[in-house]
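Start at 1 and go down the list; that is how both ligands and their atoms are numbered. A quick note: this is a predicted structure, and the numbers were derived from the prediction, not measured. Just so it is clear, the values below take in all heavy atoms, side chains as well, and ignore hydrogens, waters and symmetry mates.
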Amino acid sequence: MTPEHASQLAAKVCALAPVIPVLVVEDANSAGDLARALVAGGLPALEVTLRTPAALEAIAAMAEVEGGVVGAGTLLTPRDVEAAKKAGATFGVSPGATKLLMEACEANDLPLLAGAATPSEAMALLERGYSVQKFFPAESNGGAPALKSFASPLPQIKFCPTGGVTLANAPAYLALPNTLCVGGSWVAPAAMVKAADWAGITRLAAEAAALRK
Ligand code: 3PG
């Protein structure tokens, strides 16, 4: 898959809802319920971070959930890409981008939302063909004002800011011309997942889904 095609597909994922939940799944047994709760609230695109032993099994379980579009986050190595693809991930997210990682995603036909934090990083990704990127870490990197500053010199690059994004600050990002959606973990707090408070998570998802791009 070319980076250009990957970017088209990533843009489609970003258009599904204003927020992509960033999920750190500890127990794969609850993954299906978690995905159903988020999809029911109006957030179909889900990012499962490869940060726990349960992550790949969680991706496989979530891939079965009707209406869900499941991706793998925290992709760092070609091995991660192959495992994510095998588990059923239909897109990938990375905090940054390395040559090896991009080559692996392209070879494995996994659309990549690669991370950039500076104009030079964003330009390097664009040079390769990635026009849809993750702005990470968004809040600690200057937040919406910083991302707004990217829009004028780099109008052809669209972003999904992630890292420190909340219900309160998401609207400032979503109002920007270069933001397609935001990513955030606030819609699936660990305590609510542990308590199997699926109705509560659906409420948080609905609140997030009501944010307007
Ligand atoms: C992450 O890497 O965990 C994501 O960027 C989500 O960050 P958040 O927990 O600040 O939403």
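- Without hydrogens or angle criteria, Asp80 side chain to Thr77 main chain gives a donor-acceptor distance under 3.5 Å.
- Scanning the protein heavy atoms around atom 7 (O) of ligand 1, the nearest turns out to be Gly163 CA, 3.6 Å.
- Under the 4.0 angstrom criterion for non-hydrogen atoms, Arg51 is in contact with ligand 1.
- Checking side-chain atoms of Lys85 against main-chain N and O of Asp109 turns up a donor-acceptor pair under 3.5 Å.
- Counting non-hydrogen atoms of other residues, nucleotides and ligands closer than 6.0 Å to CD of Gln156 gives a total above 12.
- Listed by atom number, the atoms of ligand 1 under 4.0 Å from Phe136 heavy atoms are 2 (O), 5 (O).
- Checking only distances, Ser185 does come within under 3.5 Å of ligand 1, N or O to N or O.
- For Arg203, the salt bridge (charged side-chain N to carboxylate O under 4.0 Å, His left out) test picks out no residue, with sequence neighbours left out.
- Among protein heavy atoms, atom 4 (C) of ligand 1 sits closest to Thr162 CG2, 3.5 Å.
- Residue contact check: Gly184 has heavy atoms under 4.0 Å from atoms 11 (O) of ligand 1.
- With respect to atom 10 (O) of ligand 1, the closest heavy atom belonging to the protein is Gly164 N, 2.6 Å.
- No close placement of the Tyr173 and Phe159 rings is indicated, their centers lying 6.0 Å or farther apart.
- Residues satisfying the salt bridge (charged side-chain N to carboxylate O under 4.0 Å, His left out) test with Glu103, not counting sequence neighbours, are Lys99.
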